[in-house]
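Keep in mind that what you see is a predicted model, and the values were worked out from it rather than measured.
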Amino acid sequence: MTGVLEIPDEPPRQWRGLVAAIVGGVACIVVGVVLARTFAVGGFVRGRLVLGLFVPVPAAIAAWLLAVADRLRTVVTAAVMIVGVLCMPVAAAGATPSPARLSAMVDDLGLPGATQHEVRIGNGRCRPSCSEVRRVSTAKASSFVKVSAQLQGALRVRDFTVRLFSHRVGAPTVITAENDKMTANFELRVVSLAETRIAGTFIAKGPTPAHSVG
């Protein structure tokens, strides 16, 4: 009819591929963020790499495939990938270290002694419990006093608040430590004049923004 404005029900054919690419890319980003937060991917040992595989990479692939042969295919794909990368901190938010990541963090502390036994429990989601590493080490060729001093010094360098508890003769020396990422408890026992046994328990804090690895 004359004078009646007709509104198309769907975008022109030349824009359909780009619209589908944008919608599909954004949908992949949303799904990737949800999955990453659900499984605490940001707390993995190579968390950033895994987050990339969860968020921007699938989104870019979806955008590229859905754009088909449009002349703006590359531009849209790049834009979707950039948005995905910018959303990675959101995907990592709230993720505390996984048991493997926590173990690697403990390795980086540079504590004295060689690890003899280690047990890992919990997970980065803190359901039902946060990541925990229990480690037994032996320090040889050093006196008990030197090992204790090295342990406390290594912790303080990493911004731990350290407390040393007095003990009766024959009982192990107890040291507790805490920083913004974990709490640690140690029992040091004399095995011989030149050997000290160290039993340590490390528990990741979380999940709160302050304790997140994201």
Side-chain angles (χ1 to χ4, degrees), residues 36-37 39-53 92-214:
R37 291 176 66 95
F39 294 102
V41 170
F44 289 5
V45 174
R46 294 180 176 83
R48 293 188 182 278
L49 174 61
V50 182
L51 282 173
L53 297 176
T96 58
S98 67
R101 175 76 173 274
L102 180 60
S103 180
M105 292 168 63
V106 174
D107 290 339
D108 292 339
L109 296 178
L111 302 178
T115 301
Q116 306 297 319
H117 180 66
E118 179 177 293
V119 175
R120 304 174 184 177
I121 60 177
N123 56 69
R125 293 175 292 164
C126 291
R127 300 175 185 174
S129 62
C130 293
S131 299
E132 180 176 338
V133 172
R134 300 173 183 176
R135 181 178 290 186
V136 176
S137 305
T138 301
K140 298 182 179 181
S142 295
S143 66
F144 176 86
V145 174
K146 184 176 181 179
V147 171
S148 178
Q150 288 177 339
L151 177 66
Q152 295 178 63
L155 292 169
R156 288 193 173 97
V157 167
R158 297 287 183 165
D159 297 323
F160 279 84
T161 300
V162 180
R163 297 178 64 190
L164 174 65
F165 292 87
S166 59
H167 63 286
R168 62 182 183 276
V169 177
T173 295
V174 176
I175 296 174
T176 64
E178 180 179 6
N179 68 2
D180 61 337
K181 296 297 183 183
M182 72 175 86
T183 59
N185 296 280
F186 303 90
E187 287 189 357
L188 281 66
R189 186 183 295 273
V190 176
V191 178
S192 67
L193 291 177
E195 183 176 342
T196 302
R197 179 180 180 273
I198 307 170
T201 301
F202 309 86
I203 303 175
K205 287 185 175 181
T208 68
H211 305 145
S212 168
V213 297

Pairwise distance [atom1]([X]) to [atom2]([Y]) - rounded to 0.5 angstrom:
| X | Y | atom1 | atom2 | value |
| --- | --- | --- | --- | --- |
| S142 | E195 | OG | CD | 11.0 Å |
| I203 | M182 | CD1 | CE | 11.0 Å |
| I198 | R135 | CD1 | CZ | 11.0 Å |

Audit row: E118, R120, salt bridge (charged side-chain N to carboxylate O under 4.0 Å, His left out) steps and yes/no: CA-CA 7 Å; E118 179 177 293; R120 304 174 184 177; 2.7 Å; yes
Shortest non-hydrogen separation from [X] to [Y] and the atoms involved:
| X | Y | answer |
| --- | --- | --- |
| R158 | N179 | O-ND2, 3.7 Å |
| A36 | L51 | CB-CD2, 3.7 Å |
| S137 | G113 | CB-C, 4.2 Å |
| P112 | Q150 | CB-OE1, 3.6 Å |
| A92 | G42 | CB-CA, 4.2 Å |
| F160 | L109 | CE1-CD2, 3.7 Å |

Among L188, V190, V147, L151, side-chain contact (heavy atoms from CB on, under 4.5 Å) partner for T173: L188
Check: T96 and K205 side chains under 4.5 Å, non-hydrogen atoms: no
Donor-acceptor contact present, side-chain S98 to main-chain N123, <3.5 Å: no
Donor-acceptor contact present, side-chain T176 to main-chain N185, <3.5 Å: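 Looks like no, no N/O pair under 3.5 Å.
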Basic-acidic side-chain contact under 4.0 Å: D159, K181: no
Under-4.0 Å salt bridge between R134 and E132: yes
Check: F202 ring centroid to F186 ring centroid under 6.0 Å: yes
L111 vs L155, side chain to side chain contact (heavy atoms under 4.5 Å, CB included): CA-CA, chis, key distance, verdict: CA-CA 8 Å; L111 302 178; L155 292 169; 4.0 Å; yes
Distance-only polar pair, side chains of R101 and S131, donor-acceptor under 3.5 Å: no
